[in-house]
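To start, the structure itself, in structure tokens.
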Amino acid sequence: MSGVFAPAPGRAPMRSVVASQIRMELTLTARRGEAVVLAMGVPLLVLLGAGLTEVTNVPGDDRLAFVVPGVLALTVMSTAFTGQAITTGYERSYGVLKRLGASPLTRPGLLFAKTAAVLGLIVVQLIALAAVGLAVGWRPHFEAVLPALGVTVLATAAYSGLALLMASLLRPEATTGAATLIYVLMLAAGGIMFAAPDLGTFGWFVLPLAAHAEALRETLSYGGSVPTAIWLSLGAWALVLVTAAAKKFRWE
């Protein structure tokens, strides 16, 4: 009969559920001031300090060509790994993930939503930091943006997978400590403010941050191509860590 309300209960399409979770992840991240400071403040200080002063020794004569791509890579790690690991660990501790587990959102859907939200946030951060770099004299090769984006997506997936894996296996306090320690070690040895340890091709598989930073230098600063070893390194990290996170992720 026309005009009669006929309820039709049912689960929303998964794409709508995931899209809603992505929006929620972005909203919650934007509200966390400490996450913004970690993700933008430290890389910005490194960019200005190491890029405009001779506080460290860098290879070559163009400091900004070396430092700015390294800072962009550091930002990806800061947001996709350190910030996400700490946040997800406490979400599990506070029961947030347990409640999401009772919703139509599936485990792969949550992992995808978190990674996609992080990737969207990273794009905004990289644009802002690149703009600062341009303002202080960095002159990138814009025609090499696509390969730079490709390795950045792989690095984001790898760091996000590691963050979600750690947040599932460790207590929140242990996750915070481990994520911070890894961040500091990678900052020191990842070739951001000075050259990374010379480990040859093997080094790209040991230091993913160094591999990502070098790929961005080769493309954005020098207009070259990404070395095959770096593609393989970041691809392997992404495949292994995302797969492990999908298998080990826990709602509670």
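Atoms considered below: every heavy atom in the structure, side chains included; atoms not considered: hydrogens, waters and symmetry mates.
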> Given Leu126 and Thr75, is the side chain to side chain contact (heavy atoms under 4.5 Å, CB included) satisfied, shown in steps?
Replying inline: CA-CA 7 Å; Leu126 294 186; Thr75 303; 4.2 Å; yes
> Does the pair Glu25 and Leu110 meet the rule for a side chain to side chain contact (heavy atoms under 4.5 Å, CB included), with working shown?
Replying inline: CA-CA 10 Å; Glu25 295 287 344; Leu110 176 64; 4.1 Å; yes
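Residues Leu52 and Val136 form a side-chain contact, since some pair of their non-hydrogen atoms from C-beta on lies under 4.5 Å apart. Taking the side chain as every heavy atom from C-beta outward, Phe81 and Met166 approach each other to under 4.5 Å. No side-chain heavy atom of Val58 sits under 4.5 Å from any side-chain heavy atom of Met193. Contact annotation: the side chain of Val68 never approaches that of Leu216 to less than 4.5 Å [non-hydrogen atoms, C-beta and beyond]. When side chains are defined from C-beta on, Ile230 does not count as touching Leu232, because their heavy atoms never get closer than 4.5 Å.
For Ser93 (side chain) and Gly89 (main-chain N/O), no donor-acceptor pair under 3.5 Å exists by modelled atom type. No donor-acceptor pair under 3.5 Å is formed between the side chain of Arg217 and the backbone N or O of Ala65. A donor-acceptor pair is defined here as one N or O able to donate and one able to accept, closer than 3.5 Å; such a pair exists between the side chain of Arg63 and the backbone of Ala50. With hydrogens and angles disregarded, no donor-acceptor distance shorter than 3.5 Å links the side chain of Arg92 to the backbone of Thr88.
For Phe249, the CZ atom counts as densely surrounded, since its 6.0 Å shell holds more than 12 non-hydrogen atoms of other residues, nucleotides or ligands. The number of heavy-atom neighbours closer than 6.0 Å to CD of Glu143, taken from other residues, nucleotides and ligands shown, is above 12.
Minimum interatomic distance between Gly224 and Ala144 (heavy atoms only, all atoms of both residues): O-CB, 4.5 Å. In this structure, Ala246 and Leu111 approach most closely via the heavy-atom pair CA-CD1, 3.6 Å. In terms of heavy-atom proximity, Gly51 sits nearest to Leu64 at O-CD2, 3.7 Å. Nearest heavy atom pair, residue Leu154 against residue Gly235, reads CD1-N, 4.0 Å. Of all non-hydrogen atoms in Ala229 and Trp204, the two that sit nearest each other are CB-CD1, 3.7 Å. Shown here for Ala85 and Ala179, the closest heavy-atom pair between the two residues is CB-CB, 4.1 Å.
Residue pairs meeting the side chain to side chain donor-acceptor pair (under 3.5 Å) criterion with at least one member in residues 219-238, sequence neighbours excluded: Trp138-Ser221. Screening residues 152-178 for side chain to side chain donor-acceptor pair (under 3.5 Å) gives Gln84-Ser160, Thr115-Ser160, Thr152-His212 as the qualifying pairs, with residues at least two apart or on separate chains.
At a threshold of 4.5 Å between side-chain heavy atoms, the hydrophobic network of Ile, Leu, Val, Met, Phe, Trp and Tyr places Ile192 and Met40 in one connected group. Val124 and Val76 end up in different hydrophobic clusters when Ile, Leu, Val, Met, Phe, Trp and Tyr side chains are linked at under 4.5 Å. Note on Leu48 and Leu74: same hydrophobic cluster, where clusters join Ile, Leu, Val, Met, Phe, Trp and Tyr whose side-chain heavy atoms are under 4.5 Å apart, directly or indirectly. Placement of Leu164 and Leu119 in two distinct hydrophobic clusters is found when ILVMFWY residues are connected by side-chain heavy-atom separations under 4.5 Å, directly or transitively. Hydrophobic cluster membership is shared by Val206 and Leu241, with clusters built from Ile, Leu, Val, Met, Phe, Trp and Tyr side chains linked at under 4.5 angstrom.
Interatomic distance, CZ of Arg99 versus CD of Glu91, reported as 12.0 Å (0.5 Å rounding). In this structure, the separation between CG on Leu185 and CG on Leu209 is 11.5 Å, given to the nearest 0.5 Å. Atom CG of Leu165 sits about 8.0 Å away from atom CG of Leu170, to the nearest 0.5 Å. In this structure, Leu220 CG and Leu72 CG are separated by 7.0 Å, a value rounded to the nearest 0.5 Å. Taken from CE in Met24 to OG1 in Thr27, the straight-line distance is 6.0 Å, to the nearest 0.5 Å. From Leu44, atom CG reaches atom CD of Gln125 across 11.5 Å, with rounding to the nearest 0.5 Å.
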